[in-house]
Amino acid sequence: MNHSALEIGSCDTPEERKLYVIDSLNDLNKVNLSPAGSQAQEKKFIEGAVNIGNGIRNRSLFFVALIIALIVSLTLVSFVIFLLIQTGSKMDEVSRRLTAEGKDIDELKKINSMILNRLNQLDAIEN
């Protein structure tokens with residue numbers, strides 16, 4: 001019934017807590033009575049501390065990766081919004097040009113029909 005330092009927070013019921021405390025006292029008693037047990041307990045404690053350190057390191061790496069992912073996604077969203085605005089302004093410019101050219105084309109059609117009418121009149125006068 002040996003518990004590591006990582007299992008401290010995993011005791012759910014008061015009975016389990018009591019058992020953990022009794023087990024810890026027994027382990028402490030064994031450490032005080034035998035030097036070989038002391039080294040084993042010390043090694044167990046150091047391994048538990050290393051595992052806790054690795055957990056904190058892994059958690060911090062996860063948060064750093066999460067922050068980097070959020071920054072990258074924010075940058076991509078900003079770029080897409082910029083492209084949408086640029087595309088909208090270009091479309092407005094193109095539609096203005098088409099409208100202006102459309103007016104020019106209508107004027108050219110009127111001038112063409114006037115020239116054709118005048119040529120038809122001149123052709124009719126000559127005949």
Side-chain angles (χ1 to χ4, degrees):
M1 189 179 238
N2 291 331
H3 293 283
S4 69
L6 292 175
E7 294 177 346
I8 292 173
S10 67
C11 298
D12 296 326
T13 63
E15 291 82 19
E16 289 179 356
R17 289 187 196 126
K18 288 178 186 176
L19 289 174
Y20 178 76
V21 169
I22 292 170
D23 188 40
S24 297
L25 289 174
N26 286 338
D27 289 344
L28 183 62
N29 192 22
K30 287 178 188 176
V31 168
N32 289 336
L33 293 178
S34 66
S38 172
Q39 291 173 352
Q41 290 296 325
E42 186 176 318
K43 182 179 177 185
K44 186 171 138 182
F45 176 75
I46 290 171
E47 288 173 357
V50 168
N51 288 338
I52 291 172
N54 287 339
I56 292 171
R57 188 176 309 128
N58 289 339
R59 196 175 303 146
S60 64
L61 285 175
F62 171 74
F63 285 122
V64 168
L66 182 66
I67 289 171
I68 289 172
L70 289 174
I71 289 171
V72 167
S73 64
L74 180 65
T75 304
L76 289 174
V77 167
S78 300
F79 183 67
V80 167
I81 290 172
F82 173 75
L83 287 178
L84 286 173
I85 292 171
Q86 287 293 93
T87 304
S89 65
K90 293 289 183 185
M91 290 298 291
D92 290 341
E93 184 181 329
V94 168
S95 65
R96 277 189 233 119
R97 284 184 185 172
L98 286 175
T99 305
E101 288 176 5
K103 289 179 183 176
D104 292 342
I105 290 173
D106 288 339
E107 289 177 12
L108 288 174
K109 285 180 182 177
K110 287 180 186 176
I111 293 172
N112 189 22
S113 65
M114 287 174 29
I115 291 173
L116 285 175
N117 286 338
R118 182 66 181 157
L119 287 175
N120 288 336
Q121 288 175 356
L122 288 175
D123 198 28
I125 294 176
E126 287 180 5
N127 290 333

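- Taking CG of L108 as the reference point, atom CD1 of I115 lies at 9.5 Å (rounded to 0.5 Å).
- Side chain of D123 to backbone of L119: no donor-acceptor contact under 3.5 angstrom is found.
- Residue I105 holds its CD1 atom at 12.5 Å from CG of N112, rounded to the nearest 0.5 Å.
- Hydrophobic clustering, with ILVMFWY side chains joined whenever heavy atoms are under 4.5 angstrom apart, keeps L74 apart from F82.
- We find the CD-NZ distance between Q86 and K90 to be 6.5 Å, quoted to the nearest 0.5 Å.
- Between the OG1 atom of T75 and the CG atom of L70 there is a distance of 10.5 Å, given to the nearest 0.5 Å.
- In this structure, CD1 on I111 lies 11.0 Å from CG on D106, to the nearest 0.5 angstrom.
- Taking NZ from K109 and CG from L116, the interatomic distance works out to 13.5 Å, rounded to the nearest 0.5 Å.
- Cluster membership check: L76 shares its hydrophobic cluster with I68, using side-chain heavy-atom separations under 4.5 Å among Ile, Leu, Val, Met, Phe, Trp and Tyr.
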